[in-house]
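Here's the structure we're looking at; comments come further down.
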Amino acid sequence: MEVTAVSREAGVWNIASVTELFDTPFMDLIYRAQQVHRDHHPANQVQLSTLMSIKTGACTEDCAYCPQSKHHETDLAEEARIAKLEEVLAAARAAREQGAQRFCMGAAWRSPTERQLDDVIEMVQAVKALGMETCVTLGMLKPGQAQRLRDAGLDYYNHNLDTSPEFYGNIITTRTYEDRLNTLESVRDAGIKVCCGGIVGLGESRRERAGLIAQLANLNPYPESVPINNLVRVEGTPLADVPAVDEFEFVRTIAVARITMPEAVLRLSAGRTDMSDTMQALCFMAGANSIFYGDELLTTANPQQEKDRQLMERLGLEVMDMQAAAQACTS
Ligand code: SAM
Ligand code: DTB
Ligand code: SF4
C-alpha cells in the first residue's frame, strides 16, 4: 500500500503538513519512519548518554513541568552549590565504564554567570579528556558564552523549545520563545552541535505537538540531536495531574520527528520508567536511536542500567558506533 504523500513547501515544514503526517494511519506512519530511519542510520544501534545534575533546584524560572522551579512546592532537596569537579569526574568515569558515550551536565539556572561558566568549562575540559563527548544544559546563553564553551571543546548544547509557540505561554511565563530561539542561534553560530527537542504530555493538542515538530524541523539546519521527553508528572508541579498522553500518540510523535528530521539522532528521553519494554521497542521502531543511560535523569528516576542492557540485548540493539554513524551522515 502506498504511503500518503506529504506536502513540503520549498523544503519547509508547516503545521498543516506535519499534522497530515500525524494523521496518517499508524502502520503507514511507522513503516515510513522505519524507511527514513534505515536510509540515514544504522538500523540496530542506539546512542547512550548519561546525565548528571551539577546544580539542582531553586531555579528562578516557572516552567510548569519542572520539579526544580522555585515557584512550585515539590519534595526536591535543593543544592545551593555547583557540584565539585571531582564529583563530576567520578560520575563521568563511572558512566564511561558502563558504556556511555556522552556525558551531559544540567544546571537549574535561568542563565549562567561568567563565574558559573568558569566552573562548567573546567568540567567540560576534564570530561573531554576522558575521551567522552560532552553536552551541557545551563539555560539561556549570550553569544560570547557560547563561544567560551566552544573554545573549551564542548560538543553539544541542550536547550529545548519544549512545545509549540502557541502553547508555550501556558507552560512558561518567565522567558519567551524568542529568548529560546536566540540562545539556539548563539549556540549554532559558535559551532556547537545543537541538542533541542521538547516534551509530550503537557496538555497540548495534536496540532500543538505538530507545531513543536515543525519549529524543530525548520531550524536551519535542524538539530543534530532531538530529545523527545514524555512528561514526568511530579507531585507539587502544576502539571502533576495532567492526563498521560496516549501511548500510540507518543510513538507517532517519534515517527513524525524521524520523518521530518531524517539525520537527527532522536532521543527517547524522560519518562521511560513509566513505559513498558514493548512501548520502548515501538519507539525504537518509529526511529528513536538514543536514550539516557543511568539510574537517574536530573532529579527523577530513569530505568536501571542493567534493565536497559537487558532490553537492548532482547531487541538485538547495539551501542552506536559513533565513527560509522558520522560517516553515514556525511555520505
Ligand atoms: N535550566 C535549563 C533549561 O531549562 O534549559 C536546563 C535544565 S532543564 C531541567 C532541561 C529540560 O528538561 C527542559 O527543557 C525540559 O524539556 C526537561 N524537563 C524538565 N522537567 C521535566 C519533566 N518533569 N518531564 C519531562 N521533561 C522535563
Ligand atoms: C532533555 O531534553 N531531557 C533531560 C535533558 N534534556 C537535560 C532532562 C529530563 C529531566 C526530567 C526531570 C528531572 O529528572 O528533573
Ligand atoms: Fe529552571 Fe530549566 Fe527547570 Fe525551567 S526547566 S525551571 S529553566 S531548571
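Ligands are counted one by one from 1 in listed order, and the atoms in each one are counted from 1 as well.
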shortest atom 10 (C) of ligand 2-to-protein heavy-atom contact is with L298 CD1, 4.2 Å

Considering only non-hydrogen protein atoms, determine which one is nearest to atom 12 (C) of ligand 2 and report residue, atom name and distance to 0.1 Å.
T300 OG1, 3.6 Å

Note: ligand 2 atoms sitting under 4.0 Å from heavy atoms of T137 are 7 (C)

For P227, counting its heavy atoms only, list the atoms of ligand 2 lying under 4.0 Å from any of them.
2 (O)

Under 4.0 Å from a heavy atom of T299: give me the atoms of ligand 2 that qualify, with their elements.
13 (C), 14 (O), 15 (O)

Quick one: does P227 get a heavy atom under 4.0 Å from ligand 1?
no

Give a yes-or-no answer on whether the side chains of T173 and D62 include a donor-acceptor pair shorter than 3.5 Å.
yes

N218 side chain to N220 side chain, donor-acceptor N/O pair below 3.5 angstrom
no

Under 4.0 Å from any heavy atom of H159, which atoms of ligand 1 are there?
5 (O)

Protein heavy atom at shortest distance from atom 3 (C) of ligand 1:
R180 NH2, 3.6 Å

With side chain to side chain contact (heavy atoms under 4.5 Å, CB included) as the test, pick out the partner of L141 among I192, L149, N182.
L149

Whether R267 engages the ring of F292 as a cation-pi pair (distance to the six-membered ring centre under 6.0 angstrom, angle to the ring normal within 45°) should be assessed.
yes

Under 4.0 Å, counting heavy atoms only: does G106 come that close to any atom of ligand 1?
no

Could you tell me which atoms of ligand 2, counted from 1 in the order shown, lie closer than 4.0 angstrom to a heavy atom of N158?
5 (C), 6 (N), 7 (C)

Would you call the rings of H159 and Y157 parallel, tilted or perpendicular, where under 30° means parallel and over 60° means perpendicular?
tilted

Are any of the N/O atoms in N230 less than 3.5 Å from those in ligand 1?
no

Quick check on contacts: which atoms of ligand 3 are under 4.0 angstrom from a heavy atom of A108?
8 (S)

Mind listing the closest non-hydrogen atom pair of Y222 and A217 along with its distance?
CB-O, 3.8 Å

Who's the nearest protein heavy-atom neighbour of atom 4 (Fe) of ligand 3, and how far?
C63 SG, 2.3 Å

Can you find an N or O of V232 that's nearer than 3.5 Å to an N or O of ligand 1?
yes

What protein heavy atom sits nearest atom 3 (N) of ligand 2, and how far off is it?
N229 OD1, 3.0 Å

Is atom 1 (Fe) of ligand 3 less than 2.8 Å from at least one N/O/S atom of C59?
yes

Atom CD of E306 with >12 non-hydrogen neighbours under 6.0 angstrom:
yes

Any donor-acceptor pair under 3.5 Å linking the side-chain atoms of T50 with those of R102?
no

Could any protein non-hydrogen atom be found less than 4.0 Å from atom 7 (S) of ligand 3?
yes

Consider ligand 2: state whether an atom of it lies below 4.0 angstrom from any non-hydrogen atom of G197.
no

Do any nitrogen or oxygen atoms of Q68 lie less than 3.5 angstrom from nitrogen or oxygen atoms of ligand 1?
no

Exercise: do S49 and Q47 side chains pair donor with acceptor under 3.5 Å:
yes

Of all heavy-atom pairs between R233 and A240, which one has the smallest distance, and what is that distance?
CB-O, 3.5 Å

Sub-4.0 Å heavy-atom approach of M105 to ligand 1:
no

Does D295 reach the main-chain N or O of Q305 with its side chain, forming a donor-acceptor pair under 3.5 Å?
yes

The atoms of ligand 2 lying under 4.0 Å from a heavy atom of F292, numbered in the order shown, are 3 (N), 4 (C), 5 (C)

Sub-4.0 Å atoms of ligand 1 with respect to non-hydrogen atoms of R175
4 (O)

List for me each residue that meets ring-ring contact (aromatic ring centres under 6.0 Å, His included) alongside F22, sequence neighbours excluded, and say none if there are none.
none

Identity and distance of the protein heavy atom lying nearest atom 12 (O) of ligand 1:
N160 ND2, 4.5 Å

Is R258 reaching over with its side chain to a backbone N or O of P262, donor-acceptor style, under 3.5 angstrom?
yes

Under 3.5 Å, is there a donor-acceptor pair between the T174 and E61 side chains?
yes

N160 heavy atoms within 4.0 Å reach ligand 2 at atoms 1 (C), 2 (O)

min-distance protein heavy atom vs atom 21 (C) of ligand 1 -> Y65 CD1, 3.7 Å

To check your reading of the model: name the closest protein heavy atom to atom 3 (Fe) of ligand 3, its residue, and the distance in Å.
C66 SG, 2.3 Å

Should K55 be listed as contacting ligand 1, given a heavy-atom distance under 4.0 Å as the test?
no

Should you measure from each heavy atom of L298, which atoms of ligand 1 turn up under 4.0 Å away?
9 (C)

Taking 4.0 Å as the limit for heavy-atom contacts, which would you say applies to D162 with ligand 1: side chain only, backbone only, both, or neither?
side chain

Is a side-chain donor or acceptor of Y177 paired with a backbone partner of T163 at a separation under 3.5 angstrom?
yes

